**Q** 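Got a structure for you, written out below as structure tokens; questions coming shortly.
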Amino acid sequence: LKSLVQISKVQNSGVNLSSYKVFCPSSFFQYVSVKRQSGFYIMWYNNRYIIANNETREGQNVLMSYAGIRFEDLLTHGTSQKTINNYNLYQSVIETKIDGMSCLYCAEIDSYDKESGAYTEIKMVLCKSNIPHAKTTNKKSVLESLSKGNVHFGSFLFRLLIQCKFANDLKVVIGIRDQSFTIRNITDFSVKDDLLPFFHQLYPDYYEKYMAAVDLIRRVFHTITKRVTRENPVFYLEIGSQYILKLSLIHI
């Protein structure tokens, strides 16, 4: 629905909606790739697949989640504006092909550079030790400090890069905080030139999962197209340690 609403706002967009077989939120690709505990309804309607969920922050630590949102506010709006419900965001309509099917989805974008046209993701990360000085500009040195000061930095990068992959984010701004939530360093990174080479070198196991993400999504889509049909139009996909696709009691 978000995808359709955004397209309707663009006059003369030239988008032929009949050519798309799948409408879904960008979170579907991310959550499938990282096996995040979540659930999505899969609906067959008018020879198309509609994928939807209703809670994108379920199970998250509220303090860390909304501290991160406030950090985004400070970088994009300064102190004059505050996001209350996290819906005051940029939206981008993106298309891709999965398992031979054209997909249309809407992704939330933290910030947009009009000059370069680059989407930029904004993140805040805890570093318990080896916190780089605020004036440190060597990007590899900053990443090395994070890898030493946060035992979960590999999984953080994996989730971040998957998110960037399916939101078309080319850049990332990372704010490094201490345990009192004080920001000690802010550094911008290129996904292609900075983050991916470092990720490949230091976290090869996670990097293999990252490279296999599209194939994993393709296999999930293949299962969906085999089971979700006109005769059985509504299923519920549970994502966790396993992927469970079960017939829903809801019918359309």
Side-chain angles (χ1 to χ4, degrees), residues 1-7 9-10 13 15 20 22-36 38 40 50-58 60 64-66 68-69 71-73 75-77 83 85-99 101-125 155-175 187-199 206-207 209-218 220-221 239:
L1 288 177
K2 279 187 177 181
S3 301
L4 297 175
V5 168
Q6 291 300 317
I7 285 179
K9 292 179 180 179
V10 182
S13 64
V15 176
Y20 295 97
V22 180
F23 296 93
C24 63
S26 62
S27 59
F28 177 76
F29 300 105
Q30 298 165 28
Y31 293 4
V32 167
S33 300
V34 303
K35 296 185 177 180
R36 173 175 164 174
S38 54
F40 290 84
I50 301 171
I51 302 174
N53 71 340
N54 60 1
E55 178 53 71
T56 60
R57 294 192 175 274
E58 184 177 4
Q60 290 191 12
M64 288 193 292
S65 179
Y66 285 92
I69 292 170
F71 178 59
E72 296 169 10
D73 289 335
L75 291 188
T76 55
H77 304 303
T83 298
N85 56 13
N86 197 35
Y87 290 103
N88 184 23
L89 301 165
Y90 297 104
Q91 302 279 351
S92 177
V93 177
I94 300 171
E95 56 182 344
T96 189
K97 274 189 177 292
I98 300 290
D99 201 29
M101 295 187 297
S102 296
C103 307
L104 194 70
Y105 59 97
C106 192
E108 295 175 349
I109 306 299
D110 289 341
S111 61
Y112 172 69
D113 186 340
K114 291 183 178 179
E115 292 186 5
S116 66
Y119 297 149
T120 301
E121 178 68 18
I122 300 173
K123 291 293 184 185
M124 184 173 67
V125 185
S155 62
F156 166 81
L157 275 181
F158 175 53
R159 296 191 306 272
L160 171 62
L161 290 170
I162 287 291
Q163 181 178 353
C164 291
K165 184 184 187 75
F166 293 105
N168 284 355
D169 288 313
L170 302 179
K171 298 172 64 178
V172 175
V173 172
I174 296 180
T187 304
D188 67 294
F189 300 93
S190 162
V191 171
K192 178 182 177 182
D193 299 330
D194 300 318
L195 297 183
L196 277 174
F198 181 83
F199 185 55
Y206 277 120
Y207 185 80
K209 292 181 181 179
Y210 169 81
M211 295 300 292
V214 173
D215 183 61
L216 174 60
I217 293 168
R218 186 179 294 115
V220 171
F221 263 102
I239 301 172

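Residue indices begin at 1 and follow the sequence shown. None of these values were measured; they are calculated from a predicted model.
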**Q** Which residues satisfy the salt bridge (Lys or Arg N to Asp or Glu O under 4.0 Å) test with K123, sequence neighbours excluded?
**A** E121

**Q** Is there a side-chain contact between Y206 and L161, using heavy atoms and a 4.5 Å cut-off?
**A** no

**Q** Given the rule in the side-chain contact (heavy atoms from CB on, under 4.5 Å) test, do T120 and V172 qualify, once you have shown the distances and angles that lead to the verdict?
**A** CA-CA 5 Å; T120 301; V172 175; 5.7 Å; no

**Q** Could you tell me the separation between the CG atom of L216 and the NZ atom of K209, rounded to the nearest 0.5 Å?
**A** 10.5 Å

**Q** Could you tell me the separation between the OG atom of S26 and the CD1 atom of I109, rounded to the nearest 0.5 Å?
**A** 7.5 Å

**Q** In chain order, what residues pass the ring pair (Phe, Tyr, Trp, His ring centres under 6.0 Å) check against F71, with sequence neighbours excluded?
**A** none

**Q** Under 4.5 Å between any side-chain heavy atoms of R159 and I162, yes or no?
**A** no

**Q** Show the numbers, then the answer: is there a side-chain contact (heavy atoms from CB on, under 4.5 Å) between I98 and V22?
**A** CA-CA 9 Å; I98 300 290; V22 180; over 6 Å; no

**Q** Can you give each donor-acceptor pair under 3.5 Å made by side-chain atoms of residues 189-196, sequence neighbours left out, with the distance rounded to 0.1 Å?
**A**
unit_1 : atom_1 : unit_2 : atom_2 : d
S190   : OG     : K192   : N      : 3.4
S190   : OG     : D193   : N      : 3.0
D194   : OD2    : S190   : N      : 2.8

**Q** Is a side-chain donor or acceptor of S38 paired with a backbone partner of R36 at a separation under 3.5 angstrom?
**A** yes

**Q** Given side chains that start at C-beta, do those of S27 and Y105 come closer than 4.5 Å, heavy atoms only?
**A** no

**Q** Specify the closest pair of heavy atoms between F40 and P25, including all atoms of both residues, with the distance to one decimal.
**A** CE2-CG, 4.0 Å

**Q** Set out, in order, the CA-CA distance, both residues' side-chain angles and the distance that settles side-chain contact (heavy atoms from CB on, under 4.5 Å) for F23 and I51, then state yes or no.
**A** CA-CA 6 Å; F23 296 93; I51 302 174; over 6 Å; no

**Q** Please name all residues satisfying salt bridge (Lys or Arg N to Asp or Glu O under 4.0 Å) with D113, sequence neighbours left out, ordered by chain then number.
**A** none

**Q** Rounded to the nearest 0.5 Å, how far does OG of S102 lie from CD of E95?
**A** 7.5 Å

**Q** Working to the nearest 0.5 angstrom, can you tell me the gap between I174 CD1 and T187 OG1?
**A** 8.0 Å

**Q** Among residues at least two apart in sequence or on other chains, which ones pass ring pair (Phe, Tyr, Trp, His ring centres under 6.0 Å) with F166?
**A** F29

**Q** Nearest 0.5 angstrom please: L160 CG to K165 NZ, how far?
**A** 13.0 Å

**Q** Are the aromatic rings of F221 and F28 close, with centres under 6.0 Å apart?
**A** yes

**Q** Go through it in stages, so that I can follow the logic: the residues are D188 and V173, the test is side-chain contact (heavy atoms from CB on, under 4.5 Å), and I'd like the CA-CA distance, side-chain angles, deciding distance and then a yes or no.
**A** CA-CA 4 Å; D188 67 294; V173 172; 3.9 Å; yes

**Q** Could you measure the distance from the CG atom of D110 to the CD atom of E72? Nearest 0.5 Å is fine.
**A** 4.0 Å

**Q** Between S111 and Y119, is the side chain to side chain donor-acceptor pair (under 3.5 Å) condition met? List the steps.
**A** CA-CA 6 Å; S111 61; Y119 297 149; over 6 Å; no

**Q** Who are the ring pair (Phe, Tyr, Trp, His ring centres under 6.0 Å) partners of Y210, not counting sequence neighbours?
**A** none

